[in-house]
Every structure is written in C-alpha cells, then in structure tokens.
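Below you'll find the structure, written out as structure tokens, and then a few comments.
Throughout, a chain's letter reflects where its sequence line sits, starting with A, and its residues are numbered from 1. Note that the coordinates shown come from a computational prediction; the quantities given were computed from them, not determined experimentally.
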Protein chains: 4
Amino acid sequence: MIPNTTFERLPEEKKERIMQAALMEFAEKGYAAASINRMVEKAGIAKGSVFQYFGDKEGLFAAVFAHSLEKVKDELRKVRDNPARTDIFTRLAQILHTGLDFTRTHPLIYRLYTHLLSTPDMPLRNFLLTRIRKEGKDFLAELLEKAADRGEIRRDLPMQEALFLLEALMDRFLLASVLPYLGEGFSDKKTMENHIPGFMDILEKGMGNKRP
Amino acid sequence: MIPNTTFERLPEEKKERIMQAALMEFAEKGYAAASINRMVEKAGIAKGSVFQYFGDKEGLFAAVFAHSLEKVKDELRKVRDNPARTDIFTRLAQILHTGLDFTRTHPLIYRLYTHLLSTPDMPLRNFLLTRIRKEGKDFLAELLEKAADRGEIRRDLPMQEALFLLEALMDRFLLASVLPYLGEGFSDKKTMENHIPGFMDILEKGMGNKRP
Amino acid sequence: MIPNTTFERLPEEKKERIMQAALMEFAEKGYAAASINRMVEKAGIAKGSVFQYFGDKEGLFAAVFAHSLEKVKDELRKVRDNPARTDIFTRLAQILHTGLDFTRTHPLIYRLYTHLLSTPDMPLRNFLLTRIRKEGKDFLAELLEKAADRGEIRRDLPMQEALFLLEALMDRFLLASVLPYLGEGFSDKKTMENHIPGFMDILEKGMGNKRP
Amino acid sequence: MIPNTTFERLPEEKKERIMQAALMEFAEKGYAAASINRMVEKAGIAKGSVFQYFGDKEGLFAAVFAHSLEKVKDELRKVRDNPARTDIFTRLAQILHTGLDFTRTHPLIYRLYTHLLSTPDMPLRNFLLTRIRKEGKDFLAELLEKAADRGEIRRDLPMQEALFLLEALMDRFLLASVLPYLGEGFSDKKTMENHIPGFMDILEKGMGNKRP
DNA sequence: CATGAATGAGGATTCATTCAT
DNA sequence: GATGAATGAATCCTCATTCAT
C-alpha cells in the first residue's frame with residue numbers, strides 16, 4: 001500500500017512516462033480490463049519494474065490516482081487563490097471554464113474518475129472517491145456558504161439540493177467535454193463554453209437574490 | 001448477426017434467470033471485466049449455451065441491454081401515459097419519483113448505463129447510447145417545449161442549457177440512488193425523495209414564469 | 001461403421017445436398033478441422049440428423065468418402081470402357097484429359113484425397129487409401145501390362161518404376177489443377193492441357209518401343 | 001509482428017526441444033488440428049511461454065517452418081556444393097539419394113510440407129510454399145539448363161514438362177518414404193533406393209541425348 | 001536495482017455428441 | 001424419424017505475478 005521509495009527516486013522524466021502510460025490504460029479500459037503488459041510496452045520499461053515500484057496492480061492504480069489527484073489539486077488551487085472579488089455566479093462561470101481547461105489538458109484524468117464512479121468493485125474505490133470528491137465538494141460548499149453570508153443567494157435556498165445540483169452540472173459538463181454522444185451541441189469541446197452563460201442565467205434566477 | 005431464436009423460446013423463468021445473472025455481471029464489472037464463467041455459474045446453465053443463444057459476448061451484452069431498455073421504456077410509458085394536467089415542475093417531480101422507483105426496482109440497469117457512459121471502447125457504445133438517450137432526452141425535450149407553449153416557463157429561458165441541466169440532475173440523482181458515496185444525505189435511497197421539493201424549488205425559480 | 005439405412009431412404013436431392021456440404025468441409029479443412037456445425041448449416045439440416053444417419057464424425061467421413069469414390073469409379077469406367085484401339089501413350093493422354101475433366105467437375109474430391117494422403121492420423125486412412133488407390137493403380141498397372149503384351153513398350157522397361165512414375169505424374173498434374181502455386185504455367189487449369197503432349201513425348205521416348 | 005528475440009536467446013537444447021515438439025504436432029495433424037496443449041506437454045514448458053516466444057499459433061508455425069527450411073537449405077547446399085563433374089542423370093540419382101537421406105533424418109519436415117501443399121486455408125500458405133519451392137525448383141531448373149548447355153539432353157526436350165515431371169517424381173518419391181501405403185515395394189524406406197536406377201533408366205531414355 | 005523469462009489460472013469461443021420433445 | 005437445445009471438454013490466447021540473472 002505504501003509506495004516504495006524506489007519509484008520516487010526515479011528521474012522525473014521516467015516517472016512521468018510511467019504515470020502517463022498507466023493513466024492511459026486505466027482511463028481507457030477501467031481497472032480490471034487494463035493490461036500491465038500494454039502499459040509497460042507503452043512506457044518502455046521492464047514489466048518487473050512495475051511490481052518493484054508498486055507491489056501489484058492495485059498499488060499501481062493507487063499511485064496513478066494519487067498522481068492525478070495532485071494535478072486536480074493544482075488546478076483547484078488556481079481557482080481558489082484567485083482573489084476575485086466577484087459574486088458567486090461569476091465565480092461559478094469561472095470554475096466551469098477552469099474545469100473545461102482541465103479536461104482539455106487532462107482528459108484522461110476525468111475518465112479515470114468516471115470509471116471510479118461507475119465501477120462498484122474497483123479496489124480502493126470508496127477511499128479514493130471520498131478523497132477526490134472532498135476536494136471538489138468542499139470547495140463548492142464553501143463557495144455557497146460565503147455567498148450566503150454575503151447575501152448573494154436568497155435566504156430560503158435549500159442548500160443541500162443547491163450543492164447537489166451544482167455538482168451534477170459540473171460533472172456532467174466535464175463528462176460531456178471528455179466523451180462523445182452526450183447531446184448535440186455539447187459533444188464539441190470547442191463550443192461548450194458558449195453554453196456557460198446560459199447555465200449561469202438559470203442558476204442565478206433559481207438561486208440568486210436579485211429583485212426583478 | 002441475426003439473433004438466434006433459441007433464447008426466445010426458452011421458458012420465461014429461465015430467460016429471466018439468465019438475463020438477471022448477465023445483468024449483474026455487466027453492471028458490476030463493466031463489459032470487458034465481466035466474466036461469462038461467473039455468469040453461467042450464477043445462472044446455473046452450461047457455458048456453451050451462452051454462445052448458442054447469443055453468439056458471443058457482445059451479442060449477450062446487446063441482449064442484456066435490449067432487455068433492460070424494454071424495462072426502461074415500460075417505466076417511461078407509465079409517466080408519459082399519465083394524463084396529468086399539471087404544470088411542468090410537478091411533472092418533473094413525478095419523474096424524479098418514478099426514476100427513483102425504477103432504480104429501486106432495477107438498480108443494476110442504471111449501473112449498466114453508467115458503465116456505458118464512462119467506457120469509451122465498449123462495443124456498440126455509440127449505437128446503444130444514442131438509442132437509450134433518445135428515450136430519455138426526447139421525453140424531457142418534449143416536456144420543455146409543451147411547457148413553453150403553455151407559458152409555464154419564462155420566455156427567455158435558454159432551452160438547450162435547461163435541457164442539459166435537467167438531464168444532469170436526473171442522471172446524478174439516479175446515480176446517487178444506485179451507488180454509494182456521492183454525497184452525504186444522498187447515499188440513502190430512502191431519504192432521497194425528501195430532496196425532490198428542494199430541487200423543484202430551485203428549478204421553478206430558475207426556469208419558471210411565476211411573478212413573485 | 002455400417003451406414004444406417006435411414007440416410008439411404010432420404011430423397012435424392014437431400015442426400016446430395018448433405019454429401020456436398022460435408023465434402024466441402026472435409027476437402028477444405030481436412031478431417032479434424034472440419035466442423036459439423038458449419039456443415040449442417042450449409043446443408044440446412046438438423047445437427048442431430050448427422051448423428052442419426054452416420055453415428056459420428058468418422059461415420060460421416062466414411063460416407064462422404066464412399067460417395068466420392070463412386071464418382072471416381074464412374075469416371076474411371078468411362079475411360080476403361082472406351083474401346084479405343086490406340087497405343088498406350090495416346091491412352092495416357094486421354095487419361096490425363098479425363099482426369100482434368102474430373103478435377104474440373106469435382107475439385108473437392110481431389111482435395112479430399114490429398115488430405116487423406118498427407119494426414120497420418122486420419123481415421124480409416126489406411127483402409128480408405130488402399131481402396132481408392134486400388135482403383136487408380138490397378139488401372140494403370142493393367143494398362144502397362146497390356147501395352148507390354150502388345151509390344152508397345154520396350155522389353156527392358158522397369159515396370160514398378162514406370163508405374164510409380166506414371167502415378168506421380170498423374171497425381172501431381174491433378175493436384176496442380178486443384179490447388180494454386182505449384183508452378184508457373186501450371187496454376188492455370190485452362191492451359192494445363194497444353195502440357196499433355198509434352199509429357200507424352202517424354203514418356204514415349206522413355207518407355208516406348210519406337211525406333212528412332 | 002516482428003518475432004520476439006526471447007526464443008532466440010534460449011539455450012540451444014531447449015530451443016530444439018520446443019521446435020521438435022511443435023514440428024511433431026504440425027506434421028502429424030496439420031495446422032488447424034495441431035494442439036498447443038499437446039505440444040507444450042511434449043516439450044515440457046509452460047503454455048504461456050509459447051505465446052511469449054511466438055505471439056500466436058501462426059507465429060509458432062512460421063518459426064517451425066523457418067527452422068525446417070534451414071535444414072532443407074543445409075541439405076541442398078550439400079548437393080549443390082558437390083563439385084561432381086557428372087552428367088545430369090547421375091546427378092539426379094544423387095539428388096534422390098540425398099532426398100532420401102533427408103526424409104530419413106527429418107521425416108516430419110517432409111510431412112509438414114505435404115500438409116502445406118494439401119491444405120488451402122493454411123496461414124501463410126502461399127508465402128511459405130513459394131519460399132520453399134523456390135529452393136527446390138530453381139535448383140532443378142538450373143540443373144536442366146546446364147545439362148542442355150552441355151548437350152546432355154536432347155534438343156527438342158519440352159523443358160517445362162520435363163521440370164514438372166522431375167518435381168513430381170521427386171515429391172512422390174519422398175512422400176512414399178515418409179508415409180505408408182503409397183505402393184507396395186515403396187512403403188519400405190530401406191528398399192526404396194533400389195528403385196533409383198530404374199527411374200534413371202526411364203528418364204535418361206526419355207530426356208537424354210544418347211544414341212542407342 | 002533492472003530485467004524479462006516462466007508460469008498457470010482464467011478469459012472467450014468452438015465443437016462433437018446426447019437426448020428429450 | 002427429425003429436431004435443436006444442452007453440455008462440458010478442449011481450443012487459442014492474455015494476464016498478473018514471481019524470481020533468477
């Protein structure tokens with residue numbers, strides 16, 4: 001479970017090459033169907049090394065996941081540290097944009113996440129899912145709370161449901177950017193940004209505090 | 001290519017037993033990781049029979065999917081044929097309730113769908129996804145249009161985005177009812193219904209035409 | 001081993017259909033690799049019938065072989081009954097032509113024979129091979145003997161070797177007419193006849209009794 | 001596609017053991033009916049190794065074939081490099097002897113060749129056949145041409161047909177040495193050599209240039 | 001520490017044969 | 001007598017894992 005330090009000491013380039021190859025396999029095939037054979041060939045390393053570094057397939061998966069989670073956190077930090085003094089809806093729009101940037105740069109990471117979501121017997125599933133969702137959800141929750149404090153959302157807004165809706169939108173929006181056939185007009189990553197204002201319009205009216 | 005009629009002629013009980021066992025495997029493991037060995041053991045039939053009935057794994061998957069789609073359609077028919085003369089938001093609430101009933105009765109079918117969504121190299125993925133989504137999405141689209149005609153939603157509602165949001169909520173809501181760890185307060189199927197009014201409140205304000 | 005009479009009582013058309021389908025399989029794939037599944041599909045009969053008629057795969061093969069042997073005999077009869085009062089070399093040329101006609105009409109039968117030749121563990125191999133070769137070889141042997149009596153071949157001709165050579169030529173010639181890539185200029189069934197005079201020229205000089 | 005070097009690096013003894021076991025299977029059963037299970041048991045290696053070495057059954061077959069072809073070439077070299085200053089018929093007799101030596105030492109290789117000849121849907125059939133036949137046929141063709149230049153064969157000899165006849169005799173002669181039931185007096189490898197002079201007698205009269 | 005050869009369990013699939021209808 | 005569903009052994013092949021070099 002605890003990653004061998006051997007892998008850590010590898011040259012950065014090689015580490016990245018291995019992580020990338022593993023991520024590709026897991027993201028495309030899911031955990032069980034992923035083949036270490038294909039991975040090592042892609043990465044150009046010896047098969048034995050995988051087991052030296054990570055113990056077994058599960059350990060490799062955990063490492064890939066942790067590696068990916070770091071990138072997610074980096075991205076989130078960017079948004080969080082944005083000192084933007086704007087209202088929550090502008091903020092949400094920014095987040096969608098950032099999310100889109102993320103799936104554009106790291107489409108495989110998002111696919112990895114969806115596999116985790118949909119496969120009940122994936123090893124470490126619960127552990128990993130709670131870890132990654134904590135990142136995203138806490139962030140949204142905090143956003144909502146602060147907005148409430150600032151009076152940007154209406155008093156009687158059902159918070160739990162609002163949070164759920166935001167997460168649903170976010171997830172589906174990113175999924176559509178990563179996998180085809182989720183709806184005409186949304187299969188194209190390039191034009192997806194055009195929809196963001198529309199979403200904000202609905203959310204603002206549904207959750208906001210503006211007088212008409 | 002044309003499905004053998006052998007399977008059709010089986011006694012209903014046996015057919016259902018086989019479909020159920022296959023659905024369990026596919027829903028839990030996804031397509032590639034599903035094991036026909038496990039399935040036939042669960043179903044109590046000979047391994048060779050699977051191939052006599054369905055030709056190959058892909059054929060079996062297609063059959064399971066078709067079988068499941070029928071149940072989805074049955075459910076949708078119930079909602080559609082409901083002659084309810086109510087506004088769209090009451091309707092949406094009904095739909096969420098019905099969806100919850102469905103995932104309660106057929107949790108595996110929904111999991112099957114999520115695998116299809118998240119696995120890019122699933123066989124027949126595009127074909128099957130377009131088929132199943134046509135059912136659901138067309139229904140929601142029609143609902144929105146009629147509501148627009150009746151003036152139940154505001155004139156300037158961005159329709160595409162509204163539709164997307166509804167689908168996202170629907171999907172996520174049902175997913176939460178089927179798989180754990182999507183959020184505290186939502187992991188419990190029994191209490192999920194309590195959230196429906198909250199959702200409707202937000203949607204109505206965001207999309208509706210009511211004067212405050 | 002003894003063929004069930006059930007098959008004999010079948011309508012001629014059906015019998016022929018079954019034999020033809022079986023011959024195709026055995027000729028193309030050889031005995032072990034032949035599939036009864038494919039055969040019954042081609043023949044459009046029930047799989048169980050094959051076993052009712054012939055007992056098992058081996059019985060079927062024996063029946064196909066017997067059926068084919070009949071056709072060979074028919075063909076040989078044509079040549080034998082030809083009251084041609086010609087010398088042996090004209091006769092041999094006729095035989096090659098007839099053989100070519102035969103492989104043109106029944107290419108599969110010849111392939112069946114080559115499989116039998118080249119597969120050591122084919123069931124009934126020895127029994128069947130001796131049966132079929134008896135037909136051909138005895139005929140050639142008789143031909144040679146009569147020619148010797150008539151003084152058409154030289155006194156000192158080594159008979160065993162001559163017979164062997166004739167068989168070799170015959171077999172190879174027919175094989176080339178049935179399977180490609182045995183030599184440029186011989187892969188084309190249509191032009192093979194042009195080579196016959198050349199062969200006769202060599203044989204006549206090598207075996208004949210003519211004074212230069 | 002490119003053959004793994006793993007097999008090449010094996011100890012010679014093991015390589016030979018594997019090749020021998022595989023050759024036995026393929027030679028006895030033909031390609032499709034050959035069983036890798038039986039082979040690995042005979043060779044005493046793990047089943048997985050076969051696929052590590054050769055990729056798949058076809059790759060194994062190609063390797064066995066290449067291995068065998070090398071032995072054929074070695075044998076041919078012996079004959080070719082024989083600086084014998086003799087006429088073509090003495091040469092042909094030598095070749096038959098050498099061929100007999102070869103089938104005595106490597107009977108399976110010749111059987112492999114006959115399967116290739118008689119099985120139309122063997123993988124790589126055309127490719128392999130042209131390769132192996134090039135070796136043998138070119139050699140005979142060259143022999144004939146040189147004999148023509150030296151005036152050892154008659155001017156008006158039909159060359160194509162002569163070549164064909166020589167090949168047919170050669171093939172059939174070797175086949176008889178390897179598989180039983182091709183003719184009494186020829187089924188016995190030990191006495192086959194006795195027939196060679198008889199063949200030469202016929203060929204010399206049929207093709208040669210001697211005045212009686 | 002890196003390598004890659006060895007292994008056998010398990011994968012999907014095909015098959016000849018049996019037998020109840 | 002004809003049918004075709006049921007069966008399980010055997011097919012080729014892939015895989016994660018181990019371990020000697």
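Scanning for ring pair (Phe, Tyr, Trp, His ring centres under 6.0 Å) contacts around His67(C) gives an empty result, with sequence neighbours left out. With sequence neighbours left out, the side-chain hydrogen bond (donor to acceptor under 3.5 Å, both in side chains) criterion links Thr119(D) to no other residue. Considering only residues two or more places apart in sequence or on other chains, Glu12(B) meets the side-chain hydrogen bond (donor to acceptor under 3.5 Å, both in side chains) condition with none of them. Among residues two or more places apart in sequence or in another chain, the side-chain hydrogen bond (donor to acceptor under 3.5 Å, both in side chains) test is passed with Arg131(B) by none. Under the salt bridge (Lys or Arg N to Asp or Glu O under 4.0 Å) criterion, Lys71(D) pairs with Glu16(D), not counting sequence neighbours. Listed by chain and residue number, Lys29(A), Ala32(B) satisfy the side chain to side chain contact (heavy atoms under 4.5 Å, CB included) test with Ala33(A) (two or more places apart in sequence, or in another chain). Scored by the side chain to side chain contact (heavy atoms under 4.5 Å, CB included) test, Pro123(C) finds Tyr31(C), Glu58(C) as partners (sequence neighbours excluded).
Atom CG of Leu117(C) sits about 8.5 Å away from atom OG1 of Thr114(D), to the nearest 0.5 Å. Taking NZ of Lys15(D) as the start and CG of Leu10(D) as the end, the distance is 7.5 Å to the nearest 0.5 Å.
The separation between Lys57(A) atom NZ and dA16(F) atom C1' is 8 Å, rounded to whole Å. Atoms CD (Glu8(B)) and P (dA5(F)) sit 12 Å apart, rounded to a whole Å. The distance from atom CG of Leu60(D) to atom C1' of dC13(F) is 13 Å, rounded to the nearest whole Å. With rounding to whole Å, Tyr53(D) atom OH is found 16 Å from dT14(F) atom P. Taking atom CG on Asp56(C) and atom P on dT18(E), their separation rounds to 8 Å, with Å as the unit. Separating the CZ atom of Phe54(A) from the P atom of dC1(E) is a distance of 14 Å, rounded to the nearest angstrom. Taking atom CG on Leu10(B) and atom P on dG4(F), their separation rounds to 15 Å, with Å as the unit.
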task: Output, in order, the C-alpha distance, side-chain angles, deciding distance and verdict of side chain to side chain contact (heavy atoms under 4.5 Å, CB included) for Val50(D) and Phe54(D).
output: CA-CA 6 Å; Val50(D) 171; Phe54(D) 308 106; 4.2 Å; yes

Cut-off 3.5 Å, no hydrogens considered: what does the side-chain donor-acceptor table look like for residues 41-49 of chain A, sequence neighbours left out?
| residue | atom | partner | partner atom | Å |
| --- | --- | --- | --- | --- |
| Lys47(A) | NZ | Asn37(A) | OD1 | 3.0 |

Might you list the N or O atoms of the protein lying below 3.5 Å from N or O atoms in nucleotides 7-9 of chain F, with each pair's distance?
| residue | atom | partner | partner atom | Å |
| --- | --- | --- | --- | --- |
| dT7(F) | OP2 | Ala46(B) | N | 3.2 |

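Counting all heavy atoms, side chain and backbone alike, Arg38(C) lies closest to Ser35(C) at N-OG, 3.1 Å. Minimum heavy-atom separation, Leu179(D) to Ser118(C): CD1-CA, 3.9 Å.
Looking at which nucleotide of DNA chain F each of Phe51(D) and Arg9(B) is closest to, the 5′-most match is held by Arg9(B).
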- prompt: Dot-bracket for DNA chain F, 5' to 3', with Watson-Crick and G-U pairs under 3.5 Å, [ ] for crossing pairs and | for other-strand pairs: what is it?
  reply: .||||||||||||||||||||

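Contact check of residues 33-41 of chain B against DNA chain E (heavy atom, cut-off under 4.0 Å) returns Ala34(B), Ser35(B), Ile36(B), Asn37(B). Listed in residue order, the members of residues 17-30 of chain A having a heavy atom less than 4.0 Å from DNA chain F come to none.
Side-chain N/O atoms of Thr6(D) include none lying less than 4.0 angstrom from OP1 or OP2 on dG4(E).
Within the 4.5 Å cutoff, the side chain of Phe26(B) has heavy atoms near those of the Lys57(B) side chain.
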